[in-house]
Amino acid sequence: MEPHYQIQHVFFPFFTQSSSLMDAGAGFLLKPIFLHGFSASLHLVLLLLLIISWVCKNLKVSVDQSNEGSKDRFNKSKRVLWYKQTLFCCLGVSVFNLVLCLLSYFYWYRNGWSDDKLVALFDLGLRTLGWGAISVYLHTQFFNSGEPKFPFLLRVWWGSYMSISCYCLVIGIVLYNKRVTVPIQYVVSDVVSVITGLFFCYVGFLRKHEGEETILLQEPLLDGNSASEDVVSPIKTKGSDNVTPFSKASFISILTFSWMGSLIADGNKKTLDLEDIPQLDSSDSVVGAFPIFRNKLEAECGTGSGMTRLKLVKALFFLAWKDILLTAFLALVNTSSSYVGPFLIDTFVQYLNGKQEYKHEGYVLVSAFFVAKLVECLAQRQWIFRLQQVGVRVRAVIIAMVYNKSLTLSSQAMQGHTSGEIINFMTVDAERLGDFMWYIHDPWLVIVQVGLAFLILYKNLGLASVATVFATIVVMVVNFPFWRMQEKFQDKLMESKDKRMKATSEILRNMRILKLQGWEMKFLSKITELRKSEVGWLKKHLYCTAMASFIFWSAPSFLSVVTFGACMILGLPLSSGKILSAIATFRILQVPIYALPDTISMIIQTKVSLDRISSFIRMDDLQSDVVERLPRGNSDTSLEIIDGNFSWDLSSPNQTLRDINLKVSHGMKVAVCGTVGSGKSSLISCILGEIPKISGILKLCGTKAYVAQSPWIQSGTIQENILFGKEMDRESYDRVLEACCLKKDLEILSFGDQTVIGERGINLSGGQKQRIQIARALYQDADVYLFDDPFSAVDAHTGSHLFMEVLMGLLCSKTVIYVTHQMEFLPAADQILVMKDGKIVQAGKYRDILNSETDFMELVGAHKQALLAIGSMEEGLVSEKIIEDSSGPSRTTEVVKKEENKDVQNDKSDEVAESKRQLVQEEEREKGKVGFSVYWKYITAIYAGALVPFILLAQILFQTLQIGSNYWIAWASPVSEDVKPPVGSSTLILVFVILAIGGSFCLLARNILVVTTGYKTATLLFNKMHMCIFRAPMSFFDATPSGRILTRASTDQSAVDLTIPMQIGGFAFNMIQLLAIISVMSQVAWQIFLVFIPVLSICIWYQQYYISSARELSRLVGVCKAPVIQHFAETISGSTTIRSFDQQSRFQNTNMKLMDEYSRPNFHVAGAMEWLCFHLDMLSSITFAFSLVLLISVPKGVLNAAIAGLAVTYGLNLNMLQASAIWNLCRLENKIISVERMLQYCSIPSEPPLEIEGSRPDPSWPSHGEFSIQDLQVRYAPHLPLVLRGLTCTFSGGMKTGIVGRTGSGKSTLIQTLFRIVEPATGQIMIDGINILSIGLHDLRSRLSIIPQDPTMFEGTVRSNLDPLEEYTDEQIWEALDKCQLAEEVKKKEGKLDSRGMSLLLSMNGENWSMGQRQLVCLGRVLLKKSKVLVLDEATASVDTATDNLIQQTLRQHFSDCTVITIAHRITSVLNSDMVLLLNQGLIEEYDSPTKLLQNKSSSFAQLVAEYSLRSNSSSDTHLSGN
């Protein structure tokens, strides 16, 4: 009886009942052998019945399979309630019986066997199998059956089980009353059985099946065709309607992360989309968080100029102070509980050695280890998740703050920051501040951890622990230089990344001109050079990090040597228990010590980012007092400027606008004219409040609308661009479309006003963009309209229509101020302002200032000279045109309209395929598992993966030597002070030092190899991706928003540079460590595999279950980031337009909405990760607890106590390593998506070769410049209609050919085809007998010259803009500047770096030059190039008539023997051509000399000239009458 009394008070139920409990005279029915035998028999019968049921089910399914498919969704909805609870309860009973079975086996293995024990063990085994089988049956068979009730077999079984359990419990109570000793674990087993039996009977018999009522309600909805709609439609709105379950989760749900279960389950069944991701709670949404942050920031520093790093930090802390304090407490709890293990190890080793201080000490120690591990795991999970939650919030508010600031930056401040730099604030700096939340508690936690470690060491080793503290300080001091270097390298790395992103952003924006000029490879080399500089700092940063990592990883060994050496010197006795306690302390301390370099690096990076952001916020805003705004109807004067002086650069002595005095009454039309660079656009900008005011008064009454000279179009539909945030008023909308000549364009476009416009309106012609911009202004119904040369981009007919219908029609009662170079639009103005050198030199009505014989006469004279070319036929052509207009549309027009209507009908039938036919598609993302090929391509990118085996070998050697050193010191130390050690103390320390040093050098080799492989692979991927991007056809850039490319060049590239190498290495190293620990533990007790293998299997199952959701969530993070960047880039380029319409708040709200869409998957990625880690932690804790129970169950003397203690020392880290390995794998798969996304862009279809060696033209080609076009057909994409529909013509060498036609007739498409920007569908183009399709693109484009429609300049100097390839001398460049009338302008501009002004700095896109001046720079380029073929695509649209005449004269003089092809809306620009080609709807309508075409008064060209003459007639009449 003695054993039973010893066991009676044990706390945990580890043993089963013994037959010796029964009195000899007890009846057979009370004997345990009968109870266990009967129970085993019933469970065996249950197993047989379940197998038979399974076979029958499968046979039935094969017969009825055809009928099941349509009912599958319906059946699943009928599943009974409490199904999951029942399944988990069955699984729990099975696991409970498994634990009892294993513990009984080990206990009886130690204490001997009997028949009763064998039967009991057999019973527990069958119980485990039986309940496991029920769980499988419920999950596989019943789950898919659609039955509304649990199966009859299960309900009968549950009733029987309940009866047996009650019988056993009653017997236990009877025996207890008879004073027979009953082990407590037997009672616990019976109580658990009764409780679970009650639950099963409740759900099987008593609970009402509410699912049936639900079915009755659902059935009518599922009838007929509505079934699929009713089922699918809620899914579409799920993401927009549901708030994350976390916001209303219970305490248990939050603790166990079960609130993430539904989303992970959804991701396991299907591919997650953004609609499936719940909305954020208001506290985590930027909409809710940003006002709190902004108010605190304003309270701290008022305006942005008072911003400092400290104030920004304070505002961010205030935003989340509750969560930060809570996580600080959780971190403290986690740290404290993690040191319980090292504190108890010495006691545990002494217990194993036979020194038991009190009864059941072993079980108390096991319980303490287990509870401490549980508390550690729970605290850590909540701590990390909540810090990530704070990180999501911080990232969002920083991006919102940077975005809002960019909308208020002054023009001078904006010139100092390009969109690429500001994008880096969002993609890099804001991300880093969010990531820093992970590390926020690490600095003070290190102090706490070192303090706790010192206390434990002092308890075990006494004064020797002081040496440990000094050694720790030495390690930190040694690392100080590395910290400083890291800060410097990080700073330089960010600077070089900024420069690269700035250049990349500018190049992507101007890729069309680079391809037209054949410059893309030169600019790619610039990007490559910038990347080389960046890689230089990256290498230094990574190697510095590797050295710091080496020192800190070596620190535990160094601390061990110092500590144990100090013990020897001080003569302190060392026992294996104390040594193992110290090693365990060093191992746990190793985590914060290892993380300290990362923490310091992160602090340094965060400090740099905070400095960058705060300096950006301190930048000057636009002056708020430039314009005095008066409410509508408050004054008869719409605009008044009194003694106004304005300057773009307040530090410059030269003012932009001087002595401006202007008064505009309500309803007046004011025209502004002047030569290029006279200050016309600056006058409009000053009225908008964009130019800083030096002195004077500027008053504006009512609202304003602005039409920029260079069209700004948003990505989105045409309708969205026109409405621009206003509600749809169909009547006003149609009226605006009519006035802006857009109805015809919308009929031609496949989707009308729902056509998605590409980035910067890439899929629209210049005229279409300008007319949409005008429509946007008209629809706003403002009081004052400001037009900056809006008619230059449209043809003569459209320009006349716009002027009459818009300015003189819809805006007849509005105040309009318009800049124009078209003199024919001046007479209608109520007042004309003539600008020169920033001053209004003349003001008045047309007739009044015409007689003044000053600057205005020069402009009018040039216009008159141009009109003289038309000759005396003007009146005849005009009258004929009027007669034709009055007689209705021509026959040709009717035919065209019929064809268009037919096209529209066909397009409407194709609306189903709309998303596939739109130019800009949703960003492509991979779905499903990241393929092994992605990992393989990454690993084998450098040296075919030859370095990888060496990295693994170094890690294996390091791990072996580290374990060897610990094994040695544990084996060679005495278990207690009274035992003689096997070796001397000097030998002990010497061998330990040798092993530790060997391990450290293996570690150093591993770090260097990882860093080398990482940065070389990152550089290779960078070069390959950028080469593919730069060699991509122009259609790729038309359809791909630059945000998608910039995201890969910034965020994804940063991940490949810094994160992914460490992540892959970390996973491999974790796996090696994990295998090493299991090997050590299995050396002590092989039975650990009985639990480890199933636990590992469950861990892998959890990882597989989780990864499908996590993978898609991570991909959604990447996909949702691009719209944020794209919207931001568009906002910067259109900030003037946005401010002019007072739309800042709407754009800020849009940015917040996009940020929340980006934050949603980010938040749930963190939740999913912690859900997985929680489950893995629980499983590894169970494994650890089981191994401890094994150790205390083994008979005394069987195990070496020191080696068993070593196993426990390593086992303390088992949960961390096991979870870390899976966590690293999951995080790696999340991060490897960056490689996947970069590889996507490494396989972009390329343009044809730049050079074809076997088919290179002669260096003098083209010598004549003769073009022969045969049956040319062109379309922009295979699914789009033909734009050019069979052109056949010849442009003779040396001839000047003008190409004219209405907007959208195919003029620019023909030019793009000549340069092979668009490849012909059929047909060919011959230049001097060579088919352009047979030679390389570079050979073609470098031999042709073009002045494009949109003048493009790059940030840099005048010299670098004129001669990017650095092929010409300074003398040649000055000569070109003289010819294009820019030499004087360059010489007088401020900021030149040498006496000749050649290094004058230009801002991004040449914004500090006027549009006309930029066009003249483009002229200078072609004058330098001196090609035999020159193409002018609306080259003079942005200059006045006088400058236009001068340019035409320059071209005639210097390109007299060249082939010149001119597209122009100004008829006078093509009248002097030798030939005129008139296109209409992609066909040649007319092709002849201008003289012959004008002689034929019915020709379309003659009608165009007549329209131009008609438009100018009023100007001429007024001029004559004035004289």
Side-chain angles (χ1 to χ4, degrees), residues 630 632-642 644 657 660-674 678-684 686-688 698-707 739 774 777-778 781-792 799-836 839-852 854-857 859-860 863 1440-1441 1510-1523:
L630 302 175
R632 176 184 292 185
N634 206 38
S635 170
D636 292 334
T637 303
S638 292
L639 173 69
E640 186 174 13
I641 305 176
I642 304 171
L657 296 173
I660 304 296
N661 285 281
L662 177 64
K663 187 172 183 177
V664 180
S665 299
H666 180 68
M668 282 182 66
K669 306 292 180 287
V670 179
V672 183
C673 61
S678 59
K680 304 182 297 297
S681 294
S682 294
L683 180 64
I684 298 293
C686 98
I687 297 170
L688 291 170
L698 196 163
K699 295 180 181 179
L700 183 71
C701 181
T703 58
K704 61 188 185 301
Y706 168 62
V707 177
I774 294 170
L778 287 180
D781 191 26
D783 300 310
V784 179
Y785 282 83
L786 305 170
F787 289 83
D788 192 355
D789 197 15
F791 309 120
S792 59
S800 301
H801 179 92
L802 287 172
F803 186 79
M804 295 306 296
E805 294 295 325
V806 176
L807 266 72
M808 309 309 294
L810 288 180
L811 301 181
C812 62
S813 61
K814 305 284 187 179
T815 304
V816 182
I817 301 171
Y818 61 98
V819 172
T820 184
H821 289 131
Q822 281 89 345
M823 295 296 106
E824 58 271 21
F825 295 142
L826 295 178
D830 299 311
Q831 188 176 16
I832 298 172
L833 306 178
V834 182
M835 302 287 299
K836 184 176 183 181
K839 296 181 71 173
I840 300 176
V841 294
Q842 286 176 281
K845 288 187 176 292
Y846 184 82
R847 185 180 299 179
D848 297 336
I849 62 175
L850 194 60
N851 300 321
S852 58
T854 54
D855 300 279
F856 185 63
M857 277 303 297
L859 297 171
V860 175
H863 178 61
D1440 57 88
T1441 309
L1510 177 64
R1511 192 171 73 174
S1512 306
N1513 200 36
S1514 60
S1515 173
S1516 300
D1517 290 345
T1518 310
H1519 177 56
L1520 291 171
S1521 62
N1523 288 332

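Atoms considered below: every heavy atom in the structure, side chains included; atoms not considered: hydrogens, waters and symmetry mates.
Rounding to the nearest 0.5 Å places NZ of Lys704 at 11.5 Å from CG of Leu639. The CD1 atom of Ile817 sits 6.0 Å away from the CG atom of Leu662 when rounded to the nearest 0.5 Å. Atoms OG1 and NE2, from Thr815 and His666 in turn, are 5.5 Å apart once rounded to the nearest 0.5 Å. A distance of 11.0 Å separates OG in Ser638 from CD1 in Ile687, rounded to the nearest 0.5 Å. Residue Ser682 holds its OG atom at 9.0 Å from CG of Asp788, rounded to the nearest 0.5 Å.
Asn661 has its side chain out of reach of Ile840: every pair of non-hydrogen atoms, C-beta onward, lies at least 4.5 Å apart. Residues Cys686 and Leu698 have side chains in contact (heavy-atom distance under 4.5 Å, counting atoms from C-beta outward). The shortest distance between side-chain heavy atoms of Phe787 and Leu811 falls below 4.5 Å. Side-chain contact between Lys699 and Ile642: absent, with no pair of heavy atoms (C-beta onward) separated by less than 4.5 Å.
In this structure, the side chain of Lys836 does not engage the main chain of Gly674 through any donor-acceptor pair within 3.5 Å.
By the salt bridge (charged side-chain N to carboxylate O under 4.0 Å, His left out) test, Lys669 pairs with no residue at all, sequence neighbours left out. For Asp830, the salt bridge (charged side-chain N to carboxylate O under 4.0 Å, His left out) criterion is met by no residue, not counting sequence neighbours. Asp783 is linked by a side-chain hydrogen bond (donor to acceptor under 3.5 Å, both in side chains) to Arg632, Thr703, counting only residues two or more places apart in sequence or in another chain. Looking at residues two or more places apart in sequence or on another chain, you find a side-chain contact (heavy atoms from CB on, under 4.5 Å) between Met808 and Phe803, Met804, Ala828. Residues forming a side-chain contact (heavy atoms from CB on, under 4.5 Å) with Ser678 (at least two apart in sequence, or on another chain): Thr675, Lys680, Met835. Residues satisfying the side-chain contact (heavy atoms from CB on, under 4.5 Å) criterion with Glu805, sequence neighbours excluded, are Ala739, His801. Thr637 meets the side-chain contact (heavy atoms from CB on, under 4.5 Å) test with Ser635, Glu640, Lys663; sequence neighbours excluded.
Closest of all the heavy-atom pairs between Val707 and Ala777 is CG2-CB, 3.6 Å. Here the closest heavy-atom approach between residue Ala829 and residue Ala671 is recorded as CB-CB, 3.8 Å. Tyr818 approaches Leu807 most closely through the heavy-atom pair CD2-CD2, 3.4 Å. Contact record, Pro790 with Ile774: CB-CD1, 4.0 Å, taken as the closest heavy-atom pair. For the pair Leu826 and Cys673, the tightest heavy-atom approach, listed with the atom from each and the gap, is CD1-SG, 4.2 Å.
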Kindly indicate, with the supporting measurements, whether the criterion side chain to side chain contact (heavy atoms under 4.5 Å, CB included) is fulfilled by Asp781 and Lys814.
-> CA-CA 9 Å; Asp781 191 26; Lys814 305 284 187 179; 2.9 Å; yes
